[in-house]
> 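Let me begin by handing over the structure; questions about it come next.
For clarity, every value in this text was computed on a predicted model and none was experimentally measured.
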Amino acid sequence: MPRMTNKTLLLKNALVLATMDDGRREIAGGAVLARGPEIVAVGTTAEVLAAHPGPHDDVIDLSGHVLMPGLVNTHHHMFQSLTRATPAGQDAELFGWLTAHYPIWANITPEMIRVSAATAMAELVLSGCTTSSDHLYLYVNGSRLDDAIAAAQEVGIRFHAARGAMTVGASKGGLPPDAIVEEEGAVLAEMQRLVEAWHDPGRFAMLRIVLAPCSPFTVSDDLMRETASLARHHGVSLHTHLAENDNDIAYSLEVYGKTPAQYVEDLAWVGPDVWHAHCVKLDETAIKLFGRTGTGVAHCPCSNMRLASGIAPVGRMRAEGVPVGLGVDGSASADAGHLLAEARQAMLLARVGFGPQAMTAREALELATRGGAKVLNRDDIGQIAVGYAADLVAFDVRGLDFAGAQADPLAALVFCTPAKASQSVINGRVVVRDGRLVTLDVNRHAEAHNRLSRLLMVRAGLA
């Protein structure tokens, strides 16, 4: 989307500016100045204006707001927003839930992929998210990853598009029906095409391609190895699901004779260019492996609770140096895509499992910002500092939901009712202004989304 790169944007008078920088500075009366996509000044409003008096092209007053880096979502399946809260699999664990949904998803079209992705992205942006990955592993009826990419360009979110794949159907011992799996040679060729057509390795890149075979129970060893080789040849990241629940562990032991961590280590699926979703059942040996190699984890607390998968040992992971970010997961396994709410749930779930000091509010927000940036292998987002991308979100804490929480408004973002973003800036562009998404008519879009969702159910014989 064309835009001038030299315009200035000043955000000033924030009640508190939580930089999430290396010093974790929290600045009362804070301000940030961006020029084009880049942050050029951070400090108190007085300091920033003294050094850069202007005039500035756009000025937003943030009195009564908490200003922080844009949140980073490290795991999602956006097409699943078409099947939220469907009766099928409502009360099932992971494998039963997937088995109930595969026949529905078999009817998805390219239009459904694009519209559902835009829905998920809009929901994320309005919750304070400025960067998201999407793990799209279903390619039926002509659907392509390009459909989700088109949605990202429409909404204006920074996007890591993960080209997933399922290639081992039920007849070969996998979980998905044979009708929705792909041929491995075609998958690799499509991965190559996507990287060459879309991947931007540059600083402040708005679009990167990730190679992401779906899971150990849907693809072969050969595809995992070939994908790792292809990714490293092109310098792109790798992503998959791992150790999500007890059945996942049992499958790995029965089919491969290995734990999930041993499986990915043998396939060269560890390192700072790799992150795995969930990892609820990682044992101590696996945690140390991930810490030693810098292998990342996408922690998805709401989905893990919804599917009764368990409580991921996030505290142990972080203690061993494992990069950990947050993921809202599929919109039908968490049924929501509110990243600030996910941060709150991460804190609460950690405390249920491991005690009241297991995770602080600030640690939860760190997972959602710096943590996510590291998991996605980026050094240009996740904090507010000079030279970083102008990805900034502000939350208005003057309303009823935050009444009585002014002693620590930053912590209140996690402890109190999860707020929607009042302002959101992505790559220096205002995408949410005064609580309204400016790139998409959300009401008209929801109508289109619901029409397609109903059509999907009709085609699946469920309506």
> Only counting residues at least two apart or in another chain, list the ones meeting ring-ring contact (aromatic ring centres under 6.0 Å, His included) with H239.
H75, H135, W275
> Tell me, which pairs form a side chain to side chain donor-acceptor pair (under 3.5 Å) where one or both residues lie in residues 337-350, sequence neighbours left out?
none
> Does atom CD (Q357) have a neighbourhood of more than 12 heavy atoms from anything else shown, all under 6.0 Å?
no
> Could you walk me through whether S132 and H76 pass side-chain hydrogen bond (donor to acceptor under 3.5 Å, both in side chains), step by step?
CA-CA 8 Å; S132 183; H76 208 334; 5.9 Å; no
> Any cation-pi pair here, R378 with F204, using under 6.0 Å and within 45°?
no
> If you measure from the Lys or Arg side-chain nitrogens to the Asp or Glu carboxylate oxygens, is any gap between D408 and R362 under 4.0 Å?
yes
> Does any non-hydrogen side-chain atom of V314 lie less than 4.5 Å from one of F354?
no
> Do side-chain atoms of T369 reach the backbone of Q383 as a donor and acceptor pair under 3.5 angstrom?
no
> Looking at Q406 and V397, would you say the former's side chain and the latter's main chain have a donor-acceptor pair under 3.5 Å?
yes
> Only one of D380, D391, T130 clears side-chain hydrogen bond (donor to acceptor under 3.5 Å, both in side chains) with R158; which?
D391
> Walk me through whether D329 and S303 qualify under side-chain hydrogen bond (donor to acceptor under 3.5 Å, both in side chains).
CA-CA 6 Å; D329 201 18; S303 176; 2.6 Å; yes
> Which word best sums up how the rings of Y102 and W105 line up, parallel for under 30°, tilted for 30 to 60°, or perpendicular for over 60°?
perpendicular
